[in-house]
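Below you'll find the structure, written out as structure tokens, and then a few comments.
By convention in this document, chain letters (A, B, ...) are assigned in the order of the sequence lines, proteins followed by strands, and residues within each chain are numbered from 1.
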Amino acid sequence: MNDEYVLSQKFKIKGGDFSNAGRTSTSIKEILKEIGIDPSIVIRASIAVYEAEMNVVMYANKGMVTLNITPVKLHLKLEDEGQGIADIDQAMKEGFSTATHEMREMGFGAGMGLPNIKKNADRFKIASRLGEGTTLDIIFCLNKTGNK
Amino acid sequence: MTLKEIKEILRADVITGEDKLDIEITFAGGSDLMSDVLAFGKPGILLLTGLSNSQSVRTANIIDAKAIVYVRGKRPDDEGVKLAKEHGIPLLSTKFMMYATCGLLFSQGLPGVSDLS
Ligand SMILES: Nc1ncnc2c1ncn2[C@@H]1O[C@H](COP(=O)(O)OP(=O)(O)O)[C@@H](O)[C@H]1O
Ligand SMILES: [Mg+2]
């Protein structure tokens with residue numbers, strides 16, 4: 001199964017490391033541009049992974065992004081170890097946020113991240129265990145038919 | 001209008017990107033909230049913001065913004081300037097506050113991101 005991947009790469013994210021927050025997303029964007037992914041998908045994927053990366057930095061202890069690209073799909077998987085989310089429906093609501101003042105000063109923490117990730121993705125899954133961590137699957141179709 | 005015209009209208013300082021002042025700017029959007037910028041921003045936008053940490057530059061890069069104007073005399077931190085140089089994003093700083101900055105550019109004919117069809 002693995003040999004159908006065009007590209008598969010992992011990136012670590014450190015929780016609480018505000019000064020490097022966004023670095024991984026910037027690298028992922030560069031990779032997507034370089035391998036010639038459609039520019040509109042590059043932007044949507046970069047926005048989604050940036051908001052997701054910020055959430056790991058803000059709310060988790062550590063996390064990992066796995067970037068998998070096949071000829072038909074771009075899959076960003078974010079897995080973190082941390083506090084997890086008690087009520088996913090509530091977390092998905094626009095405006096719901098538990099961000100601190102420090103996070104708001106970074107320009108984040110308005111409760112728009114998860115809804116915007118979902119809006120940009122062709123497919124989006126979120127799962128979480130309280131006290132353990134959160135997993136996001138953010139998927140983009142690379143063949144025209146499944147596109148947004 | 002060009003970035004050079006914008007610099008003159010706003011009596012702005014150029015922090016980096018002096019060599020890119022001839023780029024054409026066709027629309028702008030302003031917010032201090034990066035989540036907002038990520039939600040409403042469109043490629044090619046001129047980003048007006050009062051958020052001076054490096055997340056402003058990272059956000060601009062993610063959405064393919066053409067340049068950033070910092071309002072109310074804000075200036076980005078060293079990390080922000082370094083990133084902007086790496087990604088080739090010009091940074092300007094104006095003394096005007098957000099409201100006046102937007103008003104000045106709008107009255108000179110620069111539309112907002114929400115005016116694009
Ligand atoms: N990876 C995560 N781990 C724990 N909690 C999270 C995570 N991502 C999001 N949350 C929770 O969901 C809320 C909403 O997230 P989001 O929509 O990104 O908005 P914001 O980050 O601006 O608060 C957060 O305030 C936080 O309580
Ligand atoms: Mg968030």
Legend entry - Residue, of B/Ala39, B/Ser52, B/Ser54, B/Ser31, that accumulates the most heavy atom pairs under 4.5 Å with chain A: B/Ala39
Inset, instruction - Determine the minimum heavy-atom distance between A/Ile43 and B/Ile62, stating which atoms define it. - result: CD1-O, 4.1 Å
Inset, instruction - Please indicate whether A/Gln9 has more than 12 foreign heavy atoms, meaning atoms of other residues, nucleotides or ligands, lying under 6.0 Å from its CD. - result: yes
Inset, instruction - Calculate, to the nearest 0.5 Å, the distance between atoms CD and CD belonging to B/Gln55 and A/Glu105 respectively. - result: 12.5 Å
Inset, instruction - Look at the side-chain heavy atoms of Ile, Leu, Val, Met, Phe, Trp and Tyr, link any pair under 4.5 Å apart, and say whether B/Leu104 and B/Phe27 land in one connected group. - result: no
Inset, instruction - Please look at A/Tyr50 and chain B and tell me whether the side chain, the backbone, both or neither of the residue comes under 4.5 angstrom of a heavy atom of that chain. - result: side chain
Inset, instruction - Check the surroundings of atom NZ in B/Lys20: do more than 12 heavy atoms from other residues, nucleotides or ligands lie under 6.0 Å from it? - result: yes
Legend entry - Closest-packed option against chain B by number of heavy-atom pairs under 4.5 Å, given A/Gly111, A/Gly22, A/Ser19: A/Gly22
Legend entry - B/Asp78 atom CG: more than 12 heavy-atom contacts under 6.0 Å: no
Inset, instruction - Look at the side-chain heavy atoms of Ile, Leu, Val, Met, Phe, Trp and Tyr, link any pair under 4.5 Å apart, and say whether B/Val14 and B/Leu83 land in one connected group. - result: no
Legend entry - Connected via hydrophobic side-chain network under 4.5 Å: B/Ile23 and B/Leu105: yes
Legend entry - For chain A, the option from B/Ile63, B/Asp36, B/Asp32, B/Thr59 that forms the most heavy-atom pairs under 4.5 Å: B/Thr59
Inset, instruction - Please flag which part of B/Leu51 lies under 4.5 Å from any non-hydrogen atom of chain A: side chain, backbone, both or neither. - result: side chain
Legend entry - Residue part contacting chain A, namely of B/Glu79, when any heavy atom lies under 4.5 Å: side chain
Legend entry - Rounded distance [0.5 Å steps], OG in B/Ser35 versus CE in A/Met106: 11.5 Å
Legend entry - Transitive ILVMFWY side-chain link A/Met54 to A/Leu78, under 4.5 Å: yes
Inset, instruction - Give a yes or no answer on whether the side chain of B/Arg58 reaches the backbone of A/Thr26 with a donor-acceptor pair at less than 3.5 Å. - result: no
Inset, instruction - Give, as side chain, backbone, both or neither, the part of A/Glu30 having an atom under 4.5 angstrom from any heavy atom of chain B. - result: side chain
Legend entry - Cluster link A/Phe11 to A/Ile13, ILVMFWY, side chain under 4.5 Å: yes
